[in-house]
Amino acid sequence: MTKITPQPGIMDIALYVGGKSHVDGVSNVVKLSSNENPFGPSPAAQEAVRRSVLDLHRYPSTDHIALREAIADVYTLHADQIICGVGSDEIITFLCQAYAGPGDEVIHTEHGFALYKICALAAGATPVEVPEHERVTDVDAILAACTSKTKLVFIANPNNPTGTMIGLAEVERLAENLPPQALLVLDGAYAEFVEGYDGGAKLVHARDNVVMTRTFSKIYGLGGLRIGWGYAPKPIIDVLNRIRGPFNLSGSALAAAEAAVRDTAYVEKCRIENTRLRAWLAEALAEHGVPSDTSMANFVLARFVDEAEAEACNAYLQSQGLIVRQVGSYNLPHALRITVGDEASCRRVAHAVGQFKAGAR
Ligand SMILES: *Cc1c(COP(=O)(O)O)cnc(C)c1O
């Protein structure tokens with residue numbers, strides 16, 4: 001028997017299963033399983049990556065000042081309260097590493113993002129799952145679950161995979177009533193899809209117990225480069241910077257993100273197109289007898305009669321070259337999460353769901 005064993009909690013982590021990207025024997029596949037931007041990254045970001053290859057022999061910036069200032073300019077934030085990471089995944093990892101350990105509790109919701117639980121377990125802490133109310137974050141249920149051991153509370157707003165969100169007054173009530181040792185993390189991965197929404201930035205300014213995370217993987221179309229950021233009170237940024245690797249982001253990633261964040265016209269165009277196609281897709285699915293909650297993000301959570309129907313529809317869509325996401329691991333076995341693609345993809349997936357509902361298998 002080996003005496004080499006990992007830290008407690010590690011073997012309780014279920015391996016993350018990502019969105020599929022191909023189907024054996026099917027060509028012309030459309031991937032609608034990972035909430036990627038169907039229009040790709042901004043041309044300015046692409047050009048920045050091309051230019052960055054000339055400097056690949058150089059170590060990248062360690063303080064990320066150019067990117068932090070670009071983010072601060074565009075979002076009207078304070079650059080010294082921003083931390084950049086290898087996706088917002090890394091910011092979430094830092095938060096768990098820094099603020100939760102054995103004996104501590106980390107709250108996430110019933111249909112919350114998988115990474116919160118993974119990172120809590122990796123830090124040796126205890127994840128605590130709290131019910132939602134009809135696929136919407138339930139502030140009262142979260143507050144009822146808080147104890148003297150609660151160190152972190154994660155909510156995504158809008159949430160993945162439900163697409164629903166709660167209003168600022170509810171978020172504020174949550175932050176206000178948390179126990180004093182608990183930090184609220186507002187995951188704003190989809191914030192840019194909501195017109196006029198700041199992701200909770202003003203709450204970060206107003207309070208000392210709120211952190212916001214953001215990403216370049218969704219509306220910015222840079223998931224392949226792995227860039228995210230966090231916005232927090234300065235004492236928390238100071239803590240997170242102590243565990244951040246000095247060269248965590250590559251020069252190419254930094255250059256791409258800076259160009260992408262400054263290309264506000266491109267982001268606006270993507271947001272408008274997403275809003276239009278999301279409404280079209282939800283309505284087309286509803287006409288085929290497949291309801292969904294009003295989504296505020298770049299996907300629709302399509303609900304089927306039961307798990308068997310969702311599985312059968314998933315198989316049929318795959319046979320048609322359409323890859324969507326099963327969400328059984330998010331306690332939603334009767335649903336499929338469908339990313340809002342370009343217009344042709346939306347039409348293809350709505351048509352195929354209609355065929356399925358009409359009896360095609
Ligand atoms: C996609 C997603 C992220 C982004 O993760 P990255 O590591 O930045 O790619 C974060 N939170 C939620 C809820 C997401 O759906």
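Remember, it's a predicted structure, so these values are computed and weren't measured experimentally. Whatever order the structure lists them in is the order used to number ligands and atoms, beginning at 1. Position 1 is the first residue of the sequence; numbering continues from there.
Residue, atom and distance of the protein heavy atom nearest to atom 8 (O) of ligand 1 are T215 OG1, 2.5 Å. For atom 4 (C) of ligand 1, the closest heavy atom belonging to the protein is S88 OG, 3.3 Å. Scanning the protein for heavy atoms near atom 11 (N) of ligand 1, the closest one is D187 OD2, 2.6 Å.
Taking the charged nitrogens against the carboxylate oxygens, E273 and R276 do have a contact shorter than 4.0 Å, which makes a salt bridge. R271 has a carboxylate O that lies under 4.0 Å from a charged side-chain N of E195, or vice versa, which qualifies the two as a salt bridge. With respect to the salt-bridge test (charged N to carboxylate O, under 4.0 angstrom), the residues E36 and K218 do not qualify. In this structure, D140 pairs ionically with R173, as a charged nitrogen and a carboxylate oxygen lie closer than 4.0 Å. Contact check on K357 versus E309 returns a salt bridge, with a Lys/Arg side-chain nitrogen under 4.0 Å from an Asp/Glu carboxylate oxygen.
Interface atoms of ligand 1 facing S217, defined by a heavy-atom separation under 4.0 Å, are 6 (P), 8 (O), 9 (O). Within the listing of ligand 1, atoms 1 (C), 2 (C), 3 (C), 4 (C), 14 (C), 15 (O) sit less than 4.0 angstrom from a heavy atom of K218. Close contacts between ligand 1 and A189 involve ligand atoms 2 (C), 3 (C), 10 (C), 11 (N), 12 (C), 14 (C) [criterion: under 4.0 Å to a heavy atom]. In summary, the atoms of ligand 1 found under 4.0 Å from a heavy atom of G87, numbered by their order in the structure, are 6 (P), 7 (O), 8 (O). Within ligand 1, the atoms closer than 4.0 Å to a non-hydrogen atom of N160 are 13 (C), 14 (C), 15 (O), numbered from 1 in the order shown. Annotation for ligand 1: atoms under 4.0 Å from non-hydrogen atoms of Y190 are 1 (C), 14 (C), 15 (O).
A heavy-atom separation below 4.0 Å is found between R226 and ligand 1. In this structure, F216 does not count as a contact residue of ligand 1, since none of its heavy atoms falls inside 4.0 Å of the ligand.
Close placement of the F299 and Y190 rings is indicated, their centers lying within 6.0 Å of each other.
When the options E129, E110, H111 are evaluated for a side-chain hydrogen bond (donor to acceptor under 3.5 Å, both in side chains) with N331, the one that passes is E129.
Among the atoms of R214, none of the N or O lies under 3.5 angstrom from an N or O of ligand 1.
Between atom NE2 of residue H108 and atom CD1 of residue I155 there is a gap of 14.0 Å, rounded to the nearest 0.5 Å.
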